[in-house]
There are 2 protein chains.
Amino acid sequence: MSIRDLARHLNISIGTVSRALNGRSDVNAETRRRVFEAAAAIGYVPNQSGRSLRQGTTNAIGFVVETNSETSLHGDTFFTSVYGGVQQVFAQHHLDLIVLLCPFDQDPLEHLRRVVSRRFVDGLFISAIQRHDPRIDHLIEREIPFMALGRSLSGGTHPWIDLDFDGVAHASIRRLSERGHRRIGLVTAGSEINLGYVFADSYREALAANDLPYDPDLLIRAETSEMGGYNAVDRLLKLPERPTAIVLVNEIMAIGVYRRLHEVGLTPGRDMAVIGFRDSPQSRFLSPRLTCFRIELFELGRRLAEGLLATMPAYRDQHPVGLVQEIWPVHLVPGESDPPPP
Amino acid sequence: MSIRDLARHLNISIGTVSRALNGRSDVNAETRRRVFEAAAAIGYVPNQSGRSLRQGTTNAIGFVVETNSETSLHGDTFFTSVYGGVQQVFAQHHLDLIVLLCPFDQDPLEHLRRVVSRRFVDGLFISAIQRHDPRIDHLIEREIPFMALGRSLSGGTHPWIDLDFDGVAHASIRRLSERGHRRIGLVTAGSEINLGYVFADSYREALAANDLPYDPDLLIRAETSEMGGYNAVDRLLKLPERPTAIVLVNEIMAIGVYRRLHEVGLTPGRDMAVIGFRDSPQSRFLSPRLTCFRIELFELGRRLAEGLLATMPAYRDQHPVGLVQEIWPVHLVPGESDPPPP
DNA sequence: AAGAGCGTCGTAAACGTTTACGACAACACA
DNA sequence: TGTGTTGTCGTAAACGTTTACGACGCTCTT
């Protein structure tokens, strides 16, 4: 069932059929109508391999995610909303979004190399950006259009969007400070992911901005998991002078934090203030309700898609947005987990 | 950088280069060595589109998942382990796994049609199988190799693996019955997903097997979400004669169940016994610890992959496993959420 | 010594599509 | 009438790969 069959069936040439289907202007309106009609009738759909081979494009964009939960910052529910936004924009351009999973036992750079060399996709989203991320260099060198969710230290001229972890740190510290907290612990990501550093830096700045001293013992690097939060609480409670509040880089950690606090006889939100990160389905059901930050993930997905398309020659004119290098805003959602100290 | 460049560089024909790279026998060992060496030196990788066009195969398998959280039975963390197992098997065959997301606002059948017609993949996994699932008919008609995670009512001759929800229901009811519970509520999936019905049927059978009466009021169909569990508890507590135990089809529901119980002054695991479903990272951190069922998801992924490959002519001889239609076992993990009634 | 068998390799035709190019008719204009 | 313009369409060459087929030289057999 090739374009040749369709052309024979219509008694016209395959060139005309192709032009009709691809919406080119040099084809009679009546002819175009007949072509579409016949295509629908006999169920013809163009072969993607043939198309890709000819024009060197696949009409697909890949979203690379790590399946290693230790380095993946966000809980798994994070991406589903983002995908929705991306797909909404892509639908207008007949682009397909496919998710490419980096196996947990494979080096992310190796995985990316394979993805790129197989030419599965015309462009890529990469996430969990590390401080110095060799994947970015590789993509730039190979001239593959891509958008980074998260920024690296190098900055550079590629598009990226990063969540406003600086805003998270400042808003959290200010809020706790205004409520009378003087010793505030912070649990950040322990892997080489860049936001672990960004969050720590912002924490120190925010302390200074609120005239609070910085104590290195209160800055914990941990796995972004329930167990990470659990262990971080342990370390903070062992200090000679305990903090009265904890700020977390990740809401999944909060589950472990709550649990450990309960185990040692402390009530989260009374004996210890906690501010998590994202307002996710899980965090919303913590008791007492977690103070955290809402992120418009669907809109973020839309913006990510726009930013990527703006760097792709074939779509650039329809998305004249320039180079996207943006901090994505977060919005404080007050809960009941961070009252003034006892 | 095509195979032609590589052949020119070696002063041999492109046919020989292709045969050497593809491991055919009719090529001199020394020649093959030189080909591989030169390919690595100049960084040649075969173009997938050309290859696909010629041999009508893409060397990729798609895993279709719904992003609609209402009909998606499993929490999002469910699939990550499964993917790992699938990828481990696929790696031996140079097959790539790609995840294809059905947009939340698109009909799953429409989405599948598009995926199939674009010939992105050589085979498919589909999940969230409905009672009568038109996707299965479509794939059979188009003769696309596929594996279903979940079984439909029709059964048929296609491969499927379903979780042992029958075992979950029987083990839960028996355990609760042995501990003295007489009125046991069950919350099952409310959508058209088949296991919602399977779970309900097994519930009735298990009641009969333990000489317990069946009360329709105790069988609730709900969304498989936190809110679904929250609302289900509300309905059960309004009954003139309350149940003393609840069995859930999904552990995410348990979060809502715990929360609502707390709100009305009841303590889960003391005033109300709860048995959830899966032993997931989230459920493990509920307090009191949830009695639930462990599933070897990585091994499940491996078996899914084997079952799919067994139906594909190109791989069948390496996976002589016959038609896979299996119930995947679950293992009870005792917690502290289901003591005897007060 | 002639033929068969084998190992190795080159040739060329596909796979299905897009697109540059030219052909042709119809029409307008001088 | 001759020339240029426009609209519409057919032709054929690519894109990169795999593979059927045949060619060639060598060894072994009879």
Side-chain angles (χ1 to χ4, degrees), chain A residues 1-39 42-60 93-96 116-122 313-314, chain B residues 1-36 38-39 42-60 93-94 96 116-122 313-314:
Chain A
M1 182 68 60
S2 75
I3 200 174
R4 233 168 292 267
D5 302 319
L6 184 55
R8 227 190 324 264
H9 185 258
L10 284 163
N11 261 337
I12 57 180
S13 77
I14 63 170
T16 304
V17 173
S18 175
R19 281 192 299 268
L21 291 175
N22 289 5
R24 300 199 102 75
S25 61
D26 57 346
V27 51
N28 186 283
E30 167 64 10
T31 309
R32 187 193 307 278
R33 197 192 54 76
R34 284 179 52 222
V35 170
F36 271 102
E37 196 175 319
I42 68 177
Y44 165 80
V45 288
N47 179 295
Q48 184 59 39
S49 301
R51 178 175 269 174
S52 297
L53 180 57
R54 169 60 214 235
Q55 46 189 26
T57 187
T58 65
N59 291 323
H93 302 278
H94 304 286
L95 278 171
D96 283 317
V116 167
S117 71
R118 290 212 46 191
R119 281 184 236 291
F120 248 158
V121 292
D122 298 336
Chain B
M1 182 67 61
S2 76
I3 200 175
R4 233 168 290 266
D5 302 319
L6 183 54
R8 230 191 320 266
H9 186 256
L10 283 164
N11 261 338
I12 57 181
S13 76
I14 63 169
T16 303
V17 174
S18 175
R19 281 191 299 267
L21 291 175
N22 288 6
R24 300 199 102 75
S25 60
D26 57 346
V27 51
N28 186 282
E30 167 64 13
T31 309
R32 187 192 309 277
R33 197 192 55 75
R34 285 179 51 223
V35 169
F36 272 102
I42 68 176
Y44 165 79
V45 287
N47 179 295
Q48 184 59 38
S49 300
R51 180 175 266 175
S52 298
L53 180 57
R54 170 61 213 234
Q55 46 188 26
T57 188
T58 65
N59 292 323
H93 302 279
H94 305 284
D96 282 318
V116 168
S117 71
R118 290 212 46 188
R119 282 185 235 293
F120 248 159
V121 292
D122 298 336

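Just so we're on the same page: letters track the sequence lines, and every chain starts at 1.
Among the nucleotides D/dC9, D/dT17, C/dT17, the one closest to the side chain of A/T31 is D/dC9. Comparing C/dC15, C/dT19, D/dT11 against the side chain of B/L53 picks out C/dC15 as the nearest. Comparing C/dT17, D/dT18, D/dT11 by their nearest atom to the side chain of A/S13 picks out D/dT11.
A distance-only check finds a donor-acceptor pair linking the side chain of A/S52 to the backbone of A/T57 [under 3.5 Å]. The closest donor-acceptor contact from the side chain of B/R34 to the backbone of B/L10 lies under 3.5 Å.
Taking the charged nitrogens against the carboxylate oxygens, A/R33 and A/E30 do have a contact shorter than 4.0 Å, which makes a salt bridge.
Atom pair A/R24:CZ and D/dG7:C1' shows a separation of 16 Å (rounding to whole Å applied). As rounded to whole Å, 13 Å separates atom C1' of C/dC15 from atom CG of A/D5. Here the P atom of nucleotide D/dG7 and the CD1 atom of A/I12 are 19 Å apart, to the nearest Å. Protein atom CZ of A/R19 is 13 Å distant from nucleotide atom C1' of C/dT17, rounded to whole Å. The CG atom of B/N28 sits 12 Å away from the P atom of C/dG7 (whole-angstrom rounding). Rounded to a whole Å, the CG atom of B/L21 is 9 Å from the P atom of D/dT17. Distance, B/R32 CZ to C/dT8 C1': 11 Å, rounded to whole Å. One can place CZ of B/R119 at 14 Å from P of C/dC15, the figure rounded to the nearest angstrom.
Residue contacts shown for A/D26 include a base, since a base heavy atom lies under 4.0 Å away. Base contact: A/R4 has a heavy atom under 4.0 Å from a base atom. Counting any heavy atom pair closer than 4.0 Å across all strands shown, A/S52 reaches no nucleic acid atom. Note on A/S2: only backbone sugar-phosphate atoms sit closer than 4.0 angstrom, heavy atoms only; bases stay farther off.
The base of D/dT17 has none of its N or O atoms less than 3.5 Å from a complementary donor or acceptor on the side chain of B/R54.
Nearest-nucleotide positions on DNA chain C place B/A29 closer to the 5' end than the other of B/A29 and B/Q55.
At least one side-chain nitrogen or oxygen of B/N22 sits closer than 4.0 Å to the OP1 or OP2 atom of D/dT18. Regarding contacts with the backbone of D/dT18, a side-chain N or O of B/S18 is found under 4.0 angstrom from either OP1 or OP2.
No option in B/T31, B/N22, B/V35, B/V27 other than B/V35 meets the side-chain contact (heavy atoms from CB on, under 4.5 Å) test with B/V17.
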